[in-house]
2 protein chains.
Amino acid sequence: MREFTIGELSRLTQVNIETIRYYEKIGIMPNPPRNSSGYRVYSAPYFERLSFVRRSRELGFSQPEVRKLLTLVDEHKYTCAEVREMTVMHLSTVRSKIKDLRKLEKVLANMVSECDGGDIPDCPIVDILSAVPDADRKKPTTTGQPFS
Amino acid sequence: MREFTIGELSRLTQVNIETIRYYEKIGIMPNPPRNSSGYRVYSAPYFERLSFVRRSRELGFSQPEVRKLLTLVDEHKYTCAEVREMTVMHLSTVRSKIKDLRKLEKVLANMVSECDGGDIPDCPIVDILSAVPDADRKKPTTTGQPFS
DNA sequence: GCTTGAGTCTGTAGCGACTACAGGCTTTAT
DNA sequence: ATAAAGCCTGTAGTCGCTACAGACTCAAGC
C-alpha cells in the first residue's frame, strides 16, 4: 500500500501541514504510525479521511459538525436520515447568513451612493456610522464627532 | 455634562462591558478618566465614539478597518474619498462572500435533494463528502470509507 | 451601623480554526 | 561532505470577543 509523508499528504489533500498536525491533536485525525525516526507515516485511509474533513470544512461544517459526521461514518451505523438532517440544518444557517449579508450589502451600497467622494472632510458615510444605537434614540447632549 | 459608569455606557450603546474594556486595552477606545475609587467615568464623546465603533462592527468592518476609520475621523483630515474607498472595498468583500455562500447553498441543496433520508447506512451525502480534493484527481489505491 | 446585593476593578484563560514561528533532528541531493 | 529541504515538538499569535476569579466599592434596606 502506498505510504505518504506528512508533506505528501499535505500536497495531495491541499491541507496545510500544521493543520494536519492540529487535526491530530484535537482528535479529528487519528495518530498515524511513525517510522524509526519519528516521522508520521500515512496511508490511503488517512488520505481519504482527511479529504472528507477538508471537503466538509470547505462546505462550512463546523468542527463539532465534522466530528459528528466522522463519528457517524466511523461507527458504520449512521443513517442517511441523520446525515441529511445535519446537512439541512447547515443549509438553513448558510441561507440565513446570505440573508444577513444581503441586508448589509444594501446598507453599504446606499452609503456609497450617498457619498460624492469629494476631497473635503465632510462625508455622509461618517454621519451614518456615527448614528446612535437603536436601543436608545435619545440624543446625548453634544452632537459633535467623537473625539474630533 | 452627563457622566456614565461603564454599565450605563454598556446599556446605552448595547456594547458588552467586557467588550468596552477590551476596546480600551487594544486602543480603539481611549482611556477614560477615573473617579476616586478607580471606576471609569464616561461622557458624551465616549458614548459617540463607541456608537461609531459599534455601528462599524455591525456593518462588518474589521478591527483594522475600524481603526482606520477612527483615525481618519480623529485626525479631522479624512476626506470623503478615503472613507468612500474603504466602504467600497468592504462592499466588494461582502459581495464575494455572498457569492461564495450561494455556491455553497447550491451544493448543499443538491446534496439534500439526492438523499432520500432512509434508515440504512448508505448515504449519497457521505459519498459526496468523501470525494477526493480537486488538486489530485488520481484515485488512491483503495476506495473504501475512511477508517470505517 | 451592618448587611446584602449589585456594580466595578484587574488579570487571565478560553473559544474556533487555524497559522507561524523557534530550535532541533533526519533525509536527500549534489 | 555539506547544504537544502523536510520533519519533529512545543508555544504563541491571530480576530473579536466572552467568561471567569477574586477583590473592592457603592446604594439601599433594616
Side-chain angles (χ1 to χ4, degrees), chain A residues 3-29 31-43 46 49-70 90 93-94 97 100 104 133, chain B residues 3-29 31-43 46 49-70 90 93-94 97 100 104 133:
Chain A
E3 297 189 334
F4 320 95
T5 65
I6 196 169
E8 285 163 345
L9 186 65
S10 168
R11 272 189 298 282
L12 289 171
T13 55
Q14 300 287 92
V15 175
N16 209 313
I17 289 183
E18 358 265 304
T19 306
I20 298 176
R21 285 198 280 251
Y22 166 73
Y23 284 159
E24 186 180 320
K25 202 171 66 184
I26 64 169
I28 276 182
M29 289 291 289
N31 303 78
R34 306 293 184 110
N35 72 11
S36 56
S37 46
Y39 284 26
R40 288 169 180 80
V41 178
Y42 293 102
S43 48
Y46 290 89
R49 189 188 184 85
L50 188 53
S51 303
F52 184 95
V53 172
R54 189 210 141 173
R55 186 93 179 104
S56 304
R57 294 286 310 119
E58 251 174 36
L59 294 176
F61 286 97
S62 69
Q63 207 173 91
E65 282 168 335
V66 172
R67 235 176 252 278
K68 202 172 155 194
L69 284 171
L70 284 171
H90 182 50
T93 74
V94 167
K97 268 187 203 160
D100 289 350
L104 214 60
Chain B
E3 298 189 334
F4 320 96
T5 63
I6 197 169
E8 285 164 346
L9 185 65
S10 168
R11 272 190 296 283
L12 289 171
T13 56
Q14 301 286 92
V15 175
N16 207 313
I17 289 184
E18 357 265 307
T19 305
I20 298 175
R21 285 198 281 252
Y22 166 74
Y23 284 158
E24 186 180 321
K25 201 172 65 184
I26 64 169
I28 275 181
M29 288 293 286
N31 302 78
R34 305 293 184 112
N35 71 12
S36 56
S37 44
Y39 284 25
R40 289 168 180 81
V41 178
Y42 294 101
S43 50
Y46 290 90
R49 189 188 184 85
L50 188 53
S51 303
F52 184 94
V53 172
R54 189 211 140 170
R55 186 94 179 103
S56 304
R57 295 285 308 119
E58 252 175 33
L59 294 174
F61 287 97
S62 69
Q63 206 173 90
E65 281 168 336
V66 172
R67 235 177 253 277
K68 203 171 154 194
L69 284 170
L70 285 170
H90 181 50
T93 74
V94 167
K97 266 185 204 162
D100 288 350
L104 215 59

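Just so you know, these numbers come straight off a predicted model, no measurement behind them. Naming: A, B, ... by sequence-line order, numbering from 1 per chain.
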Atom CE of Met29(B) and atom P of dC17(D) are separated, to the nearest Å, by 13 Å
What heavy-atom pair brings Ser10(A) and Val15(A) nearest, and what distance separates the two atoms? OG-O, 2.7 Å
Please report the shortest heavy-atom distance between Gly7(B) and Ile17(B), naming the atom on each side. CA-CD1, 3.9 Å
Is it the case that the side chain of Arg54(B) and the backbone of Thr13(B) share a donor-acceptor pair, with hydrogens and angles ignored and the cut-off at 3.5 Å? yes
Within the pair Ser37(B) and dC26(D), is there a side-chain N or O less than 4.0 Å away from OP1 or OP2? yes
Determine whether a donor-acceptor pair (N or O, by modelled atom type, separation under 3.5 Å) exists between the side chain of Glu58(B) and the backbone of Arg55(B). no
Collect all protein-nucleotide pairs involving nucleotides 6-8 of chain C in which both atoms are nitrogen or oxygen and the distance is under 3.5 Å.
{"from": "dG7(C)", "atom 1": "N2", "to": "Tyr39(B)", "atom 2": "OH", "distance (Å)": "2.4"}
{"from": "dT8(C)", "atom 1": "OP1", "to": "Thr5(B)", "atom 2": "OG1", "distance (Å)": "2.7"}
{"from": "dT8(C)", "atom 1": "OP1", "to": "Gly7(B)", "atom 2": "N", "distance (Å)": "2.9"}
{"from": "dT8(C)", "atom 1": "OP2", "to": "Gly7(B)", "atom 2": "N", "distance (Å)": "3.4"}

Show the numbers, then the answer: is there a side chain to side chain contact (heavy atoms under 4.5 Å, CB included) between Ile28(A) and Tyr22(A)? CA-CA 9 Å; Ile28(A) 276 182; Tyr22(A) 166 73; over 6 Å; no
Check the distance between dG16(D)'s P and Arg54(B)'s CZ and give it to me in whole angstrom. 17 Å
Sugar-phosphate atoms are those with a prime plus P, OP1 and OP2; base atoms are the rest. Using that split, label each nucleotide of nucleotides 13-20 of chain C B, S or - for protein heavy atoms under 4.0 Å, 5' to 3'. ----BBSB
For the pair Thr5(A) and Arg40(A), evaluate side chain to side chain contact (heavy atoms under 4.5 Å, CB included) and give the outcome as yes or no after the intermediate values. CA-CA 6 Å; Thr5(A) 65; Arg40(A) 288 169 180 80; over 6 Å; no
Angle between the end axes of the helix from dG1(C)-dC30(D) to dT30(C)-dA1(D), five pairs per end, to the nearest 10 degrees? 20°
Nearest-Å distance for atom pair CD/C1', residues Glu58(B) and dC17(D): 15 Å
Send over the distance from Gln14(B) CD to dC17(D) C1', rounded to a whole Å. 17 Å
If you measure from the Lys or Arg side-chain nitrogens to the Asp or Glu carboxylate oxygens, is any gap between Glu24(A) and Arg49(A) under 4.0 Å? no
Got a donor-acceptor contact below 3.5 angstrom from the His90(A) side chain to the Leu59(A) backbone? yes
Checking Tyr23(B) against Glu18(B) for the side chain to side chain contact (heavy atoms under 4.5 Å, CB included) test, could you report, in this order, the C-alpha distance in whole Å, the side-chain angles of both residues, the deciding distance, and whether it holds? CA-CA 9 Å; Tyr23(B) 284 158; Glu18(B) 357 265 307; over 6 Å; no
